[in-house]
Every structure is written in structure tokens, then in C-alpha cells.
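Everything numeric here is computed off the predicted structure, so don't read it as measured data. For the single chain, residues carry numbers from 1 onward in sequence order.
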Amino acid sequence: CTAAHLSGLLTTQLSALTAAPVGALSATVIAGLTSTQVGAMTSTQIGTLSTTSISSFGSGQASGLTSTQLGGLTSAQLGALTTTDIGEFNATQLRGLSATQIGQVGSTNLNALTSTQLAQLASTQVAGLTTTQLSGLDATEIRDFASTQLTGLSVTQLNGLSTDAIGGLTSTQASGLTTTQIAGLSSTTLNALSTTTIGGPSTTQARALSTTQIGALNETAVGGLTSTQLGSLANAQIGAFGTTSLSALNATQVGGISSTQLGGLTATQLGALTGTDMGELSSTQLRGLSAGQIGALGSTNFNELTSTQISGLSNAPAARAADGREALARTGVSIDDEGRIQYQYGSERREGPRIALGFIQNEGDLEMESGRLVSGVRPNDVQFGRAGEGQFGSISGGSLELANVDLTQEFADMIQAWENVYAGQMAKDRGDSPEFIARFRKGFQDHIYAALHPRGYAGWPIWAASARKPA
């Protein structure tokens, strides 16, 4: 029987042929059939065709196969279809293939499916893909799958995807994964996700990550986590971050970590946060740190704290002594007459070190520098002792003889300010004459001269006291 003979048969005549003569038809004869004739053949007849006959399908013949006919093909027959044949299948035909048949399609033929065809596969069919087939998908092809299709993949299948394919997943696809799938992702798979994609999963999905998974995240992956995701993690998960990962966090991400989570970090982990990160912590977050954690901060990080942050630190006890008693916050410091430093801790007082005093035989050698520093004395000329002993008197705690500012200049500046106010616009508003204002200003300038003179009165000790007038 030639192709010319068969081409003249009606579809009813062709479908009436038994399986034996159909199976004996040559590839040339099969190639001469029209798509309508091919579509009229029974599944049994199609099933008798050799792989050579199947591979001889011409343009349009494969598209004539019904879903029922396709569902009856063996893996060998499916493998005999060319990439051109596969590319002609419509959604109905593709859905006629079972999950088992889909799993038997060669990687070459699978890769021949268009994005439209891939999107038309049922989730059960996608679940039938083997790791070998999935490993051949690239970033472009994986993006063709809907999130509902990917939910059918097992953890083994997901981890079987190439890093290129994993990197091609969108945030929408990632957010569609189940918590079971998330919890089963390998470190290689997680770290292959793009920074945009890793920020896609919900807080529920983020909490599904194990401490092992979190500990294996690299800086790039950690940098993709959102502040909301970080804030939703359990303390154990936050505590699983490596120091390298923590150092990759930016200020916004750190701002999403709760005070409770920060309180669970080790001193080493806290030290991994950058100075910029520390400077962005809120007072609420800082209050979550224990006294031990604050004490373990490096000087660099501590110096990044603002005055507002430091003032917001809690004075409440955060630790207990070895004997189990509460560790109290220091509430005051004073110095007694004998120079002993007294520390006040709530209702309890503790004695600290004792201040040493120095005696100089010839006080005329002392020189004042910049209004506050004393110099001109050799170390060997100073006799040291303690208050209340020998020639040393008592110490008056709370008194001030010298300040860490130039009192002379400060006093002169204050007089200058007075002049600007009282001899300035105020004098003009009063209607004072120019002659009076000039004399008035001269008086202020004389005061300033007297204050700044090396032997001026501003350098004299000033004692201030208050008392009640006797009755």
C-alpha cells in the first residue's frame, strides 16, 4: 500500500483497519497521511506505529493527534517525536499526557516546549518531571511556570533545579512555595535565589526556615531579606546568623529586628553590627540589650550611639550577682572628707578608692596656663599623701576651685554680652544721648580689661553660699 492509496481513504475507512496492517506501514506511507487522517486513527492503531514512523510525522501531523491518542503513546514513541512535533502541541493535547509520560519526555523535547505550553501544564504533570528534566531548565524557562504549578514540586525536585533556574525564580513564585518546600531547601538553593526573590516569601514562610538554613545564608542572601521578614523570625533563628551575615545587614534591616531578638544576640554577634547600624537603633531596641551585652560592645560601636540613645538606656538591673542578689544600678557618686569615693546603689552604699593629695613646698613656682592648667612643678618636689593625714587637710566634696573651662574669658564674654544689650538698642530706645552711651560702653570695657588682666579680679576665687537670715 502506497501513500497515494492511503491518502484517498476516508477517515472512517482508515479507522476500520486492524492494528496489524497499520503497524506494518512504512514511515514514508505514514508521512503521507493528512493531519485529519492521523487524528481519525484509534489509540490502538497509533500504538502500533514504530518509532521510525512516529519520527517521520510531517508538519501539522502531530498537531492532528488527539489528547486520547497522545495519552496512549509509550515512552519510546514520545521520545521519537521531534522538537518540531512537540512545539505544535496545544494545551488540550499536552494535558492529555499523564504525569508518567511527562516524566519520560526527553530533556531536549521538554526544552522545546514554549513558555505558553509550559504554563499550560497541570500541577500534577509538573510534579511528574524528573530531577534530570528539571536540571535542564534555565532561568527563562523556570519563570514560565505559575506559582501554582511549582507548589506541586517536591523538595528533591526543587533542589534539583540548576542555580541558574533558581536565580530566575520571581518573588511571586517564591511567595507561592509551601512552608514544607521552604523548610526543605538546601543552602545551595537558598543562596542561589536573587536578592529580590528572597524578599518575596511571607513572614510565615520565613519562620519555616531552620536555624541550620539561616546559618548557611551568605551575605548576598541575607542582604535580600526585608526588615519585616527579619522582625518575624524567632530568637533562635536570629541567633543562628553568622557574624559575616550580620555585618551585611543595613540600617533598615537592623531597624526591623525587635528588642527581644536583639536581647538574644551574643556579644560576638553584636560586635558584627556596623557602627552605622548601631546608630540607627531605637531606644526601644537598645532597652532590649542586657547590661552584659552593652558592656561587651566594642568602643567603635558604642561611640556610634548618640546622646539620645545613651540617655534612653535603662537603669534597671539586668543581672544578678554570684550570690543571687540583684545587681543594682549606680545612682550617685560622692567624696567624703578623707577623699574616699562613695558609690550609691539604690539604698546601698559602697566605698571606692581613696584620692591621693599632693603637697608643694613652694607654691610660688606654680603657674596658671589658659586659666585652668597648673604647671611649673617638678615631680620630685611633690609630696603625696591622703586627706586627714600629716600636713594634709580634709577634702570638701562638691566644692569647685578650678573648672575645665577658661573662667576668666567666660566672665569677660558675659560682660561683653551685657554691654551689647544695655548699651546697645536698649539705650537708644530709652533716648540716652550718644555721649552717655559712649561713657556707658567705656564702663563695660573697663570691667573686661580688669577681668582679663593677669592680676585681674576674675582670677580670684569666688565663694558662694546661701543661708537663712537670723531672726
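- In this structure, Thr211 OG1 and Phe241 CZ are separated by 11.0 Å, a value rounded to the nearest 0.5 Å.
- Looking at Gln237, its side chain never comes within 3.5 Å of a backbone N or O of Ile214 through a donor-acceptor pair.
- Using modelled atom types, no side-chain atom of Gln120 and backbone atom of Asn90 make a donor-acceptor pair closer than 3.5 Å.
- For the atom pair CD1 of Ile448 and CE of Met414, the computed distance is 10.5 Å after rounding to the nearest 0.5 Å.
- Side-chain atoms of Thr189 and Ser186 include a donor-acceptor pair closer than 3.5 Å.
- Looking only at distances, a side-chain donor or acceptor of Gln117 sits under 3.5 Å from a matching main-chain atom of Phe89.
- A donor and an acceptor atom, one from each side chain of Gln93 and Glu88, are nowhere located under 3.5 Å apart.
- Heavy atoms only, all atoms of each residue included: Val155 and Gly184 are closest at CG1-O, 3.1 Å.
- Going from atom OG1 of Thr74 over to atom CD of Gln101 covers 8.5 Å, rounded to the nearest 0.5 Å.
- A donor-acceptor contact shorter than 3.5 Å is absent between the side chain of Arg207 and the backbone of Ala234.
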Could you please spell out the steps behind the side chain to side chain contact (heavy atoms under 4.5 Å, CB included) verdict for Gln173 and Phe145?
-> CA-CA 8 Å; Gln173 289 175 312; Phe145 288 101; 4.2 Å; yes
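- Using cut-offs of 30° and 60° for the angle between ring planes, the Phe444 and Tyr422 rings count as parallel.
- Of all non-hydrogen atoms in Leu217 and Asn191, the two that sit nearest each other are CA-OD1, 3.4 Å.
- The shortest side-chain heavy-atom distance between Leu185 and Gln181 does not fall under the 4.5 Å cut-off.
- Checking side-chain atoms of Gln253 against main-chain N and O of Leu246 turns up no donor-acceptor pair under 3.5 Å.
- The shortest distance between side-chain heavy atoms of Thr243 and Thr268 falls below 4.5 Å.
- Among Leu262, Leu265, Thr260, the one residue that satisfies the side chain to side chain contact (heavy atoms under 4.5 Å, CB included) test with Asn235 is Thr260.
- Between Leu249 and Ile257, the closest side-chain pair of non-hydrogen atoms falls below 4.5 Å.
- One finds a salt bridge joining Glu389 and Arg354 here, because a Lys/Arg side-chain nitrogen approaches an Asp/Glu carboxylate oxygen to under 4.0 Å.
- The nearest pair of heavy atoms linking Gly176 to Ser147 is CA-CB, 4.2 Å.
- The nearest pair of heavy atoms linking Ile182 to Gln213 is O-NE2, 3.0 Å.
- Counting heavy atoms from C-beta on, the side chains of Pro353 and Ile341 come closer than 4.5 Å.
- Gln344 places none of its side-chain heavy atoms less than 4.5 Å from the side chain of Val333.
- Judged by distance alone, the side chain of Thr196 and the main-chain N or O of Thr170 form no donor-acceptor pair under 3.5 Å.
- Note: Leu81 CG to Ile86 CD1 = 5.0 Å, rounded to the nearest 0.5 Å.
- Side-chain atoms of Asp413 and Trp418, non-hydrogen and from C-beta on, never get closer than 4.5 Å to each other.
- You'll find the side chain of Leu193 reaches within 4.5 Å of the side chain of Leu169, heavy atoms only.
- Judged by distance alone, the side chain of Glu338 and the main-chain N or O of Ser394 form no donor-acceptor pair under 3.5 Å.
- The nearest pair of heavy atoms linking Ser259 to Thr284 is CB-O, 3.2 Å.
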Gln133/Val105 under side chain to side chain contact (heavy atoms under 4.5 Å, CB included): CA gap, chis, key distance, verdict | CA-CA 8 Å; Gln133 290 172 310; Val105 174; 4.0 Å; yes
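- For the atom pair CD of Gln149 and CG of Leu129, the computed distance is 9.5 Å after rounding to the nearest 0.5 Å.
- Distance CD1/Ile166 to OG1/Thr188: 10.0 Å, rounded to 0.5 Å.
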Report the C-alpha separation of Leu94 and Leu113 in whole Å, then their side-chain angles, then the decisive distance to 0.1 Å, and conclude whether the side chain to side chain contact (heavy atoms under 4.5 Å, CB included) test is met.
-> CA-CA 10 Å; Leu94 285 172; Leu113 292 176; 4.1 Å; yes
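- When atom types are taken as modelled, the side chain of Ser135 and the backbone of Thr131 share a donor-acceptor pair closer than 3.5 angstrom.
- The minimum heavy-atom distance between Leu452 and Ala412, with the atom names listed, is CD2-CB, 3.7 Å.
- Under the 3.5 Å distance criterion, the side-chain polar atoms of Gln125 are left unmatched by any main-chain donor or acceptor of Ile102.
- No donor-acceptor distance shorter than 3.5 angstrom exists from the side chain of Gln205 to the backbone of Thr178, with no hydrogens or angles considered.
- Here the side chains of Glu141 and Asp138 are in contact, with some heavy-atom distance below 4.5 Å.
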Show the numbers, then the answer: is there a side chain to side chain contact (heavy atoms under 4.5 Å, CB included) between Ile142 and Leu137?
-> CA-CA 6 Å; Ile142 199 67; Leu137 297 176; 4.2 Å; yes
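- Between Asp432 and Lys428 there is no salt bridge, since no side-chain nitrogen of the basic residue lies less than 4.0 Å from a carboxylate oxygen of the acidic one.
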